[in-house]
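When a ligand or atom number is given, it counts from 1 through the structure's own listing order. Keep in mind that this is a model prediction, so the values were computed, not measured.
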Amino acid sequence: LRVSPRRVLADMTPYTAGKPIWEVQREYGLDRVVKLASNENPLGPSPKALEAIQSLLPDLHRYPDERAFGLLRALSERLRLPEECLIVTNGGDELITLLSEAYLEPGDEVVVPSPTFSEYAFGARLMNATPVPVPLREGYRFSTDDLLAAVTERTKLVYLCTPNNPTGTYLPGPEMRRLLDSLPRRVLVVIDSAYAHFATAPDYDDGMAYVREGRPVVVLQTFSKIYGLAGIRVGYGAAPAEIVRSLLQVKEPFNVNALAQAAAAAALADDAHLEASRRVNEEGRKQLYDGLTALGIPYIESMSNFILAEPGERAAGMFEALMAKGVILRSGKGWNLPRHVRISVGTREENKLLLSELAAFM
Ligand code: PMP
């Protein structure tokens, strides 16, 4: 038995998203490994999330709430959206799968800017639909005209990742409005604002207002990034109620475990941790900009918690050399960007270590 070649996204090494810390420790015989590869929160989860997990442990013989009502209620208040417009998923990744399962037929087209988060194309192929890549312009800027030009009769979904992974660029609010106003209503626009909380530009738009307006959009967000809960797998979608109902029709009942639901609800209530995480990211981003500039490594300004740097010819060597020194970055190769590496913003100390290893390599 073979996997249908159309569905295979990439050559499947055991670690499709890069090596975890313990694997690098084992392989290189290192004690100290710093991971700046997966856009995680370097401060870790909110202590309130950890307390919530602790207090739920005696109840682990119970199945979780199918609809995650406790978390749903908290999200509803926070986002000023009715509960029927929200769905909680096993990470944002599951929402992408649910969208594919609910809406895609073989031969349908899914418009995806390029480069972007790889799960959108993966989700399309899962249902034998066709991802239609739309290259970003100079400086990895989005072009609304290019996206519109890619839409055909067969287009079902348009994905917009803003801030975009891996470039850190974003689609300005007025351009997002123009895009939504110009698309036929039968096309569903998925606005992936997983990194929204890090964006600082005044014209940044996370897309939530369009859900409130009842437009055909789904906004994806997650507890994996600023909320520091990537390991427990919880994300959510916001969309008009009719769309949420379709997604619930294809969802498995116990998709989000009980600890994840409790941790996420507690994390959502911890504004102090959110603010501290934002501050550490902004300071770290500046520290990395300054360090990269001093080393003569070009980079793209980022609205997120990672930076796409362009060391050029030396990118592959840099990635390997830093790994051997215990600093894990994300290679650009997965996005067909062999001259780039993506660097997640760490704590002050982690960034400092990265910059000193970079200086030694250069
Ligand atoms: N969207 C984007 C743009 C991402 O970068 C990620 C995580 N890499 C996700 C969604 C999904 O994250 P998770 O499944 O951990 O919620």
Using distance only, find each side-chain donor-acceptor pair of residues 243-250 under 3.5 Å and give its atom names and separation, not counting sequence neighbours.
from   : atom 1 : to     : atom 2 : distance (Å)
Ser246 : OG     : Tyr103 : OH     : 3.3
Ser246 : OG     : Glu242 : O      : 3.1

Heavy-atom contacts with ligand 1 below 4.0 Å: which residues, ordered by chain and residue number? Gly91, Gly92, Asp93, Phe117, Tyr120, Cys161, Asn165, Asp192, Ala194, Tyr195, Leu220, Thr222, Ser224, Lys225, Arg233

How long is the straight-line distance from OH of Tyr210 back to CZ of Arg177, given to the nearest 0.5 Å? 3.5 Å

Using the ring pair (Phe, Tyr, Trp, His ring centres under 6.0 Å) rule, collect all pairs that involve residues 166-199, keeping only residues at least two apart or in two chains. Tyr195-Phe306, His197-Tyr227

Please say whether more than 12 non-hydrogen atoms of neighbouring residues, nucleotides or ligands are located less than 6.0 Å from CD in Glu66. yes

Any side-chain donor-acceptor pair under 3.5 Å between Ser304 and Ser302? no

Which pairs would a plain distance check flag for residues 261-268, meaning a side-chain donor or acceptor within less than 3.5 Å of a matching protein atom at least two apart in sequence or in another chain?
from   : atom 1 : to     : atom 2 : distance (Å)
Gln261 : NE2    : Asp65  : O      : 2.9
Gln261 : NE2    : Val256 : O      : 2.9

